[in-house]
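Remarks on the structure that follows.
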Amino acid sequence: MLNNARFRGEFYDVREMRAVELNSASLGFSEELMMENAGAWVAKVARSKGESFLILVGKGGKGGDGLVAARHLALMGAEVMVLFPYKECEIKKETTKKNLERAKMSGVRFVKEFTEADVIIDALLGTGVKGMPRSPAKELIEQSNDFNAFKIAIDLPSGMDPDTGECELCFEADLIVTMHAPKPGLKNLMDKVIVAEIGIPKRADQYLGPGDLLLRPRGIRKGSNGRVAVIGGSKRYQGAPWISALAAFRAGADLVYVYTPTRMDFPELIWRKRTGTRVEEMSLKEALEKDRINVIVVGPGLAEEALEITKEVLEYAKEKDVSLVLDADSLKVLPEIGEKLGWKAVLTPHLGEASKLLGRSLTDSPKERMEAAFDISDSFEACVILKGPIDVVACKDKLVLNTTGNEYMTVGGTGDALSGVVGALLGRDEPWWAAKATTYAVGKSGEICVEERGHASPTCLIETVPKVLHSVK
Ligand SMILES: NC(=O)C1=CN([C@@H]2O[C@H](COP(=O)(O)OP(=O)(O)OC[C@H]3O[C@@H](n4cnc5c(N)ncnc54)[C@H](O)[C@@H]3O)[C@@H](O)[C@H]2O)[C@H](O)CC1
Ligand SMILES: [K+]
């Protein structure tokens, strides 16, 4: 699995692509650099296809790629015509503006209408497209499709939905030069696709960065951002579920219930006294139903009650549309229950727990840890955050590493805070994104806490995580 896996999977949807671009930018690789590489690639591929080129240029990033390609093709001695059917002031991207100016200085002819050429290059609508092509892109796509020329699409055919491949009116490309990674919409067109490396460093794919905080926007109705129940605590460990619950609330869950034996006073949280599998006068399932819970965090501090409770939670999850976080004691009993979790759960083991989950001993070697994370994900059908100095997040065929955090985060309670944050984010996003954003944000918060206060206590993490989550929009 590990050898042929691409880190973030084979196809990158629009959000994953944006995440990787942001991660690259944070590593010092500018959009201008990527656009230059993208356009140069297109020119190189296109040059052998004819002597005259008509380049249809939109007002977004893909238009910028087209303008770079135009300049390079002109330098290569081709006859190049650019059709830019917008006003210059409609361009929002600085890099595209710059490349329009540069194209003007490079022997490119600007034309006002559709003109004959050997090759048509589609630089109209890329990953920024919303809905069906509108005028003037629509007419230009239609005209291209009616015209006999070799047709090259940059990134994806204009008009196609990048994530679904949906295509009512699409540029009919003979060749598609896609940037960095194929988009899911191209799945059935792969025989026409060339993947161009545009200078995005491997690190931006392999490691989490600020781009991985691109969560779905918050819902606007109360409850649409998660109704979380934290089920944990025992006579011996009373604090763990409360830390987890507070973390969930501060990370943005709308409502957080704590099903635990002992009360602690946090006015933001709702306490339900739990004795074994009874919650107040109800069974666990009745309580979950009554509280209309859609995310369950189970495990923190559960101790000897873990088996019975985790079993019941998994039964409930099978019937109901809920997401799960399994942590701590619930991880220990999971192999015994042997249940698959149907890709709606996140497991948050450290190395010891991972080793128990797999029933084999593990070392700290990065390769072994990556394999372990994949194996756990596979066997339980769940996303995994394997915590450690370098965290591994694995989910089906995707895997990323994380280096945020520090050695101050070994103190008690940081794991509880992490599981609470995952719970909150599962309330509004899918497991892969909840797991990625949590792992990056909790580690980053640890760094900020140590910088500002000299410690990374759970309390500080809980206060800092929301700021980190909020730092990328
Ligand atoms: N992946 C990378 O690292 C890089 C990709 N690049 C290229 O940039 C585009 C994405 O750029 P973006 O500006 O986000 O989007 P578009 O180029 O697709 O521009 C959209 C543009 O069109 C307008 N629009 C949206 N929907 C419609 C519609 N249905 N009909 C008409 N017009 C529409 C919208 O208002 C925008 O103005 C990516 O695909 C790559 O090709 C860069 O090279 C940088 C690196
Ligand atoms: K870490």
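Both counts, for ligands and for their atoms, begin at 1 and track the order of listing.
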Closest protein heavy atom to atom 26 (N) of ligand 1, given as residue, atom name and distance to 0.1 Å: Lys130 N, 2.9 Å
Side chains of Ser158 and Asp122, donor plus acceptor under 3.5 Å: yes
Closest protein heavy atom to atom 9 (C) of ligand 1, given as residue, atom name and distance to 0.1 Å: Lys62 N, 3.4 Å
Met132 neighbourhood, listing ligand 1 atoms whose heavy-atom distance to it stays under 4.0 Å: 28 (C), 29 (N), 30 (N)
Residues Lys436, Asp429: salt bridge by 4.0 Å N-O rule: no
Ion pair check, Asp161 and Lys130, cut-off under 4.0 Å: no
Location of contacts on Met17 toward ligand 1, heavy atoms closer than 4.0 Å: side chain
Close approach, Gly64 and ligand 1, non-hydrogen under 4.0 angstrom: no
Option with minimal heavy-atom separation from atom 39 (O) of ligand 1, where the choices are Asp155, Thr178, Leu125: Asp155
Atom 44 (C) of ligand 1: the protein heavy-atom neighbour that sits closest, reported with distance to 0.1 Å: Glu31 CG, 4.0 Å
Enumerated ligand 1 atoms positioned under 4.0 Å from heavy atoms of Pro133: 29 (N), 30 (N)
Flag side-chain contact, heavy atom, 4.5 Å: Pro300 against Ile243: no
Closest non-hydrogen atom pair, Asn225 against Gly219: OD1-N, 2.8 Å
Distance from atom 43 (O) of ligand 1 to nearest protein heavy atom, with residue and atom: Asp65 OD1, 2.2 Å
Nearest atoms (heavy-atom pairs only) where Leu331 meets Leu326: CD2-O, 3.4 Å
Geometric N/O contact Gly126 with ligand 1, under 3.5 angstrom: yes
Distance under 6.0 Å and angle within 45° of ring axis: Lys183 vs Phe11: no
Proximal atoms of ligand 1 relative to Met35 (non-hydrogen, under 4.0 Å): 43 (O)
Any His180 heavy atom less than 4.0 Å from ligand 1: no
Ligand 1 to Thr127 polar contact by distance, N or O atoms, under 3.5 Å: yes
Closest to atom 5 (C) of ligand 1 (judged by heavy-atom distance), picking from Glu21, Met34, Lys59: Glu21
Nearest neighbour in protein (non-hydrogen) for atom 19 (O) of ligand 1: Gly60 CA, 3.4 Å
Test: Arg216 cationic atom under 6.0 Å from Trp433 six-membered ring centre, within 45° of axis: no
Between Phe114 and Phe147, ring centroids under 6.0 Å: yes
Salt-bridge criterion met for Lys398 and Glu10 (N-O under 4.0 Å): no
Gly131 to ligand 1, any heavy atom closer than 4.0 Å: yes
Step-by-step side chain to side chain contact (heavy atoms under 4.5 Å, CB included) determination, Leu22 to Val472: CA-CA 10 Å; Leu22 280 175; Val472 168; 4.1 Å; yes
Residue Ile198 vicinity, atoms of ligand 1 by number, heavy atom under 4.0 Å: 2 (C), 3 (O), 4 (C), 45 (C)
Option with minimal heavy-atom separation from atom 27 (C) of ligand 1, where the choices are Lys138, Glu36, Arg134: Arg134
Region of Lys93 engaging ligand 1 - heavy atom pairs below 4.0 Å: side chain
Test log, rule salt bridge (Lys or Arg N to Asp or Glu O under 4.0 Å), inputs Glu101 and Lys98: CA-CA 5 Å; Glu101 294 313 314; Lys98 254 190 207 174; over 6 Å; no
Residue selection (non-hydrogen contact nearest atom 15 (O) of ligand 1) among Gly128, Gly199, Pro162: Gly128
Shortest heavy-atom approach to atom 8 (O) of ligand 1 - which of Gly61, Gly159, Ser135: Gly61
Interfacing atoms of ligand 1 (cut-off 4.0 Å, heavy-atom, Val129): 18 (O), 25 (C), 26 (N), 29 (N)
For the student: nearest non-hydrogen atoms of Thr95 and Glu31, plus distance: OG1-OE1, 2.9 Å
